[in-house]
Structures are given as C-alpha cells and as structure tokens.
J.: 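I'd like to ask you about the structure that follows.
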Amino acid sequence: MCGIVGFVGNEQAAPILLDGLARLEYRGYDSAGIAVVSQNRELQVKKAKGRLQVLSDIIQGGKSVEGTLGIGHTRWATHGEPNDVNAHPHLSGDGKIAVVHNGIIENYVELRDFLVSQGYEFKSETDTEVVTQLLAYYYAECGDIFETVFKVIRRVEGAYALGIICADCPDRFIAARKDAPLLIGHGEGCNFIASDVTAIIKHTRDISYMDDGEVAVITADGVQVYNSMEQPIEKEHSYIDWDVSAAEKGGYAHFMLKEIMEQPEAIRKTAFSRIRDNRIFFEDLKIDEAYIKNIDKIFIIACGSSYHVGVVGKYNLERMLRKPVEVCLASEFRYSNPLVDEKSLVIVISQSGETLDTMAALREAKSLGAHILSIVNVVGSSIARESDDVLYTWAGPEIAVATTKAYSTQLVLLNMLGLYFGDILGTVSAKEYSEIIDELLRLPAKMEQMLENTDDIKYYASAYFNHSSVFFIGRNLDYAMGLEGSLKLKEISYIHSEAYASGELKHGTISLIEDGTLVIALGTYAPLFDKAMSNVVEVQARGADVLALTTDSHAAEMRKTVENVMTVPQSHTIFQPSLGVVPLQLFAYYVALMRGCDIDKPRNLAKSVTVE
Ligand code: G6P
C-alpha cells in the first residue's frame, strides 16, 4: 500500500528518496514520484506509472533533480487508475505546495466541489489532490504553512499520513498523521519521515512514531511535533535494533523463499525466548488472572492470513480452554454491532500492526469494554500501541507480500497463549502442558528437516502449474490450514483456488470437480484421517487429479489410494498445521515461479493495507 518517504539534510535528496522508495516497494504500488525543492525555491515534481525503475530512469537515478529537501511516494491506486497524473506527489495549481498521501479522504467530493466553486481546477481523479488544493486555498489566505496544515486537517475526514512541502519554506517539510502509519527518523544533520522503518534504517535507527492528530515540522537540524491542539510535545524515541541484512534477499531469488526458509529461526526467537524450565512466561502481559478466569467469550479479529491463523486458533483454543472462540474478519466485525463486553477477550492478530480494518475493529471492541491483546510483528505499530497487551512475534521484517514467517510465528504464539491460559484455567492437564511444550521445542528442527529437501514439492509444482482451478480440501485443522494454502497459491500464481471443508463438498462444490481438476487433499489431522480418505475417493471418482498431504505415519495408508503424496513429520495435533503449511507455501512459490509471476510483488496486492 502507498509508501511515503521524506528527507531534509545536506545531501542531495532525490537519490535518498529513490532508495527509500525502493525499500518500500514490497508494500505494493503501481506508480511512484518525488518532489524536491531546489535552491531557487522551485518545486520539481517527477512521477511515473509502473515500476520505480521507470521513475529512476527519467531522473537519472536522482541526478537530474537538484535540492536537499524532498518527499517521495509509491502509490497503490484507490481513487483513479494508476497513471502518471494520478501518481503522487500532487502539486497545487499555484505550484507552491506538493503533497504525498497515504490513506483515503472520505469527504473529498464535498471538498472538491467547494474548491471548484472557488475557482480551483483539478488535474487528477485522486482524493489527495483535494488536500493539495485545500492547502493552497488556506495558504493563500494566511501565508503560514504550519497554520495552513492545521486548518486543512480540521476540514478533512478519513485517514491520512501526509508529507507536505512548500516552495516558500525550502528548509522544512511538514508531516501529519491520522489512522495511517508515519514515523520520524532522527539523523545527524538530517531528518526523515517514512511509512515504515525499512525505508530509512540505512540512515538512522532513532525513530519516533507519530500518533493520530499530530503534526511535525521537520528541518535538517531538528524535529518539532505538535499535538492536535497545536501545542509542542516531546516524542518518545525508539531504537531499531534489527539488522539491515534482515530486509535484504541474502542470496535467495525471492524474499518469499528466504522468509519461508527463515521460519524455524523465527519460531525459535518468538517461542523459545518465552519458555524457561519448560514453562511459558509472558512477563509483559498486563491481563490478570481474575480477568482471564472471568472471560466468557474470546474473539479473534484479523484480516487475510492473520485471519487464517485465527481459524486454526479457534479449533486449538476451544479445545484447550473449553470457552467459545469466534474468529472475525475485521472488515465485517467493525460494522456488525458485535456482542462484545467487559467479559470478552479480544485477540487481534496483525503482522504489520497497521491494517486499517483491523485497527477499526480493535477500537470498536475497546469501546465496548473488552480487553485487547494483540499479536503483532512490527514493534511500535499502531495496533500494538492501542492494545491493552501486546505479544510480539519476533519474525523480523517480512518483505514479500505473501506472508509466511509472520503467519507461522503468529500461529505458534497463539497456541502458546492458549496453553498459558489453559494452565491458568485448569483446562489443560499438567501432562498435556508438558507434552505440548516438548513438541513446541522440537518444532523448528522438524521444520528444518522439511526445508532441507524440497525436490518433491518442486516436482509436484512442475506437474500441476498449468492447472487453472484448484481445490484444497480438509477437515478441522486441515481445513483451517487449507485456507492459508489456497490463499498463498492464488495470491502469487493467480490460479483460481478455493479451500473447502471436505464434509461440505457434497453440498455444492463437488459439482465443479471434473476430469483433471486439481484437488489438494489435506490429511494431516490424525483424528479424522479416515474421513479425509473417504473424501479423496469421492473426488477421484469424479475425475480429480489428487495431490495429497499427510504425516509420515499416515503416508503409507494414503499412498494406497493416491500416487502423489507430500509428507510432513508427525507432531502434536495443535502444531500439525505449523508443519503442514510449509509444503503448501513452497508449492505456491514453485508454481508461481514456473508461471513466471512476480512472486514478491503480486499484482493488485499490498503488504500493509492501510485503507478500508
Ligand atoms: C494484506 C497482506 C496479507 C496479510 C493481510 C493482513 O492483505 O498481503 O499477507 O495477511 O494484509 O495484514 P496484517 O498486517 O494485518 O497481518
């Protein structure tokens, strides 16, 4: 989703902006642009549809744009198709103000009508140009860019992270934020803004996260942040300690493959750091035992793959806690008048910590009195900051749009949380507790063993990459895991793919099975293996090509019926999807590779979805 970077200092801005934008490419975008103020107070705006390289070529890697202050943007289209005109930055009609924006201005039609009535003309179809022209309107009135920004943010409704430069103020730019991520990077003799830290970590690790309603004035020598009452405030600084190489490919062809391979280590970091003497410690949790014992319902709220973690979690948590667990798509939950109250525990799952629907659902649940416990990967992100409790997944930066290691660490952490609560509630016996911990400690090594040799999966990908429709079928935890396997395949290979609970096939979907339809039959959930086999036979009888996935211990049985079988090591039931999902991720990866797809940046998708 849109990425913003801004720089002011003593060096030329354009190459720094281009480099920052390159590091934000993973968020997903369709056009890019920069605006730089020259020494003679001229705003130079350069933008282009397509890959960042197109823009870079136009401005000779930044060399042809002179100036030491600028803002840059990668756009993910919402209002108006991806083209050069709709790309950001947007320049005001008088050429004085340039704006980059992430988010959506909801009252842009009304504001546009107002501005048109005042004689302003619009070039693009974007909501952002309305902000630019409104800034020009107030600036013409008061001549003070700082005052102007406050006037504008009081009139706009919706979500925004804004970077604003004004030709009359060549030593400073302004940033503003509401419901869209934006952080400030403090350098030496230079300062930055960015949508996320990957864009600027090369230059500084000293970060402040902007909060809603805040406005920052940024010069080479300093940063001053103001609250919504226009009062200057001191911001907390955070130090980013992860390694720059964590955000680079490190010899792998794609970030996705690198991140798949990093899963065992990411699980070790996430889980093992919280286990001592075979017991789980969540030292930072503020939720107390009395609240836990009083919970009458658990809600898990998330989007995309994080939602799929929640679906696995529902099965596991209900089993461990004997309490009802409802998994909700954040985009539905927020408008559903949910039955949440002060006896509810709401678990919010998000890799980025910035997904707008998830954030809005969190606020809705919080306003109803629930305790909010979030599982988040990005430290200091909006969801982390607004939650009552946060458990971080220590997956490190995830760059590929299709999540893998974040999914796996979320899943492990959610299971650990279930076990931790189960111990407090007395619904997990001491014996099962220690069996689960033992198995958790073995999980990364089992995953490593699977990742050592992926030839089988490559072979199956080569056999099936030409299929145009795929069904993942399974029961219980296999169904939950299939949702993620299917999403991985469709998002990066563009093959139509669906996941179905096997028992439900006969109520409609089986009519789609015909000669040559690929069915990926998931049979890793031991208690229902026999039922999984019956469904395999059912689809085979209708002509399906079946590729099966099961555990080592059931492989021989599966092979009596299915020729092509992928296997995973046996684990405790609750961790079986953590192993099972790995071949599904790899299958999607190799299929997409064989189809020549842009694996790390699939079409139309964004890593962090900061619009509704
Ligand atoms: C996007 C990403 C998905 C992710 C979803 C939720 O669609 O492409 O990989 O699962 O957003 O994101 P979150 O950051 O909240 O987990």
Side-chain angles (χ1 to χ4, degrees), residues 1-3 24-29 76 78 102 179-181 195-198 254-256 259-260 263 266 270 300-313 327-334 346-363 372 374-387 390-393 395-411 413-414 480 483-494 581 584-585 588-589 592 597-612:
M1 200 121 295
C2 301
L24 294 177
E25 274 188 300
Y26 78 94
R27 294 166 66 92
Y29 73 108
W76 190 83
T78 54
N102 174 13
D179 293 338
S195 296
D196 73 53
V197 77
T198 35
H254 296 95
F255 279 111
M256 183 176 176
E259 288 161 3
I260 289 173
Q263 290 180 109
T270 302
I300 303 178
I301 302 175
C303 300
S305 295
S306 298
Y307 168 79
H308 293 159
V309 169
V311 182
V312 177
V327 200
C328 311
L329 291 165
S331 52
E332 288 297 316
F333 177 91
R334 60 184 294 196
V346 171
I347 302 175
V348 173
I349 308 178
S350 176
Q351 186 283 129
S352 63
E354 300 292 352
T355 305
L356 191 75
D357 282 322
T358 310
M359 184 70 192
L362 179 161
R363 287 181 179 161
I372 313 289
S374 64
I375 293 180
V376 175
N377 193 41
V378 178
V379 175
S381 55
S382 304
I383 288 173
R385 283 180 294 141
E386 290 205 20
S387 302
V390 190
L391 289 177
Y392 284 110
T393 46
E398 192 180 59
I399 307 293
V401 166
T403 177
T404 51
K405 61 177 180 171
Y407 172 94
S408 289
T409 49
Q410 289 166 346
L411 195 51
L413 204 46
L414 187 60
L483 291 170
E484 179 60 7
S486 168
L487 179 66
K488 285 286 87 76
L489 185 66
K490 80 176 96 174
E491 61 184 344
I492 60 169
S493 74
Y494 316 141
V581 78
L584 304 185
Q585 295 166 342
Y589 174 79
C597 298
D598 191 351
I599 293 180
D600 285 337
K601 293 179 224 121
R603 70 182 180 208
N604 304 339
L605 297 180
K607 181 76 185 157
S608 169
V609 180
T610 50
V611 295
E612 190 173 348

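A quick note: this is a predicted structure, and the numbers were derived from the prediction, not measured. We count ligands from 1, going down the list as the structure has it; atoms in each ligand are counted the same way.
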J.: In terms of residue, atom name and distance, what is the protein heavy atom nearest to atom 12 (O) of ligand 1?
T.: T355 OG1, 3.3 Å

J.: Should L605 be listed as contacting ligand 1, given a heavy-atom distance under 4.0 Å as the test?
T.: no

J.: Counting heavy atoms only, which of S352, S381, S306 is nearest atom 14 (O) of ligand 1?
T.: S352

J.: List the closest protein heavy-atom neighbour of atom 8 (O) of ligand 1: residue, atom name, distance to the nearest 0.1 Å.
T.: A606 O, 2.9 Å

J.: Could you tell me whether the side chains of T403 and Q351 share a donor-acceptor contact shorter than 3.5 Å?
T.: no

J.: Between the side chains of R363 and E386, is the shortest nitrogen-to-carboxylate-oxygen separation below 4.0 Å, so that they form an ion pair?
T.: yes

J.: If we ignore hydrogens and angles and just use 3.5 Å, is the side chain of Y494 paired with the main-chain N or O of R603 as donor and acceptor?
T.: yes

J.: Any side-chain to backbone donor/acceptor pair from E259 onto A400? Under 3.5 Å, distance only.
T.: yes

J.: If you count the atoms of ligand 1 from 1 in the order shown, which ones are under 4.0 Å from a heavy atom of T403?
T.: 9 (O)

J.: Please tell me whether S381 and E354 have a donor and an acceptor in their side chains that are separated by less than 3.5 angstrom.
T.: no

J.: I'd like to check which ligand 1 atoms, numbered from 1 as shown, lie under 4.0 Å from a non-hydrogen atom of K607.
T.: 1 (C), 2 (C), 11 (O)

J.: Looking only at protein heavy atoms, which one is nearest to atom 5 (C) of ligand 1, and how far off is it?
T.: C303 O, 4.0 Å

J.: With heavy-atom distances below 4.0 Å as the criterion, list the atoms of ligand 1 near V609.
T.: 1 (C), 7 (O)

J.: So, do L24 and D196 sit near enough that their side-chain heavy atoms are less than 4.5 Å apart?
T.: yes

J.: Tell me yes or no: between the side chains of S374 and S387, is some donor less than 3.5 Å from an acceptor?
T.: yes

J.: Answer with yes or no whether S608 contacts ligand 1, where contact means a heavy atom under 4.0 Å from a ligand atom.
T.: no

J.: So which bit of V401 gets within less than 4.0 Å of ligand 1, heavy atoms only: side chain, backbone, both or neither?
T.: both

J.: Within this structure, what is the CG-NE2 distance for the pair L487 and H308, rounded to the nearest 0.5 Å?
T.: 5.5 Å

J.: Have Y29 and E25 got a donor and an acceptor in their side chains that come within less than 3.5 Å?
T.: yes

J.: Under a 4.0 angstrom heavy-atom cut-off, which atoms of ligand 1 come close to S350?
T.: 13 (P), 14 (O), 15 (O), 16 (O)

J.: Looking at atom 10 (O) of ligand 1, what's its closest protein heavy atom, distance included?
T.: S305 N, 2.9 Å

J.: Considering distance alone, does some N or O of T358 sit under 3.5 Å from an N or O of ligand 1?
T.: no

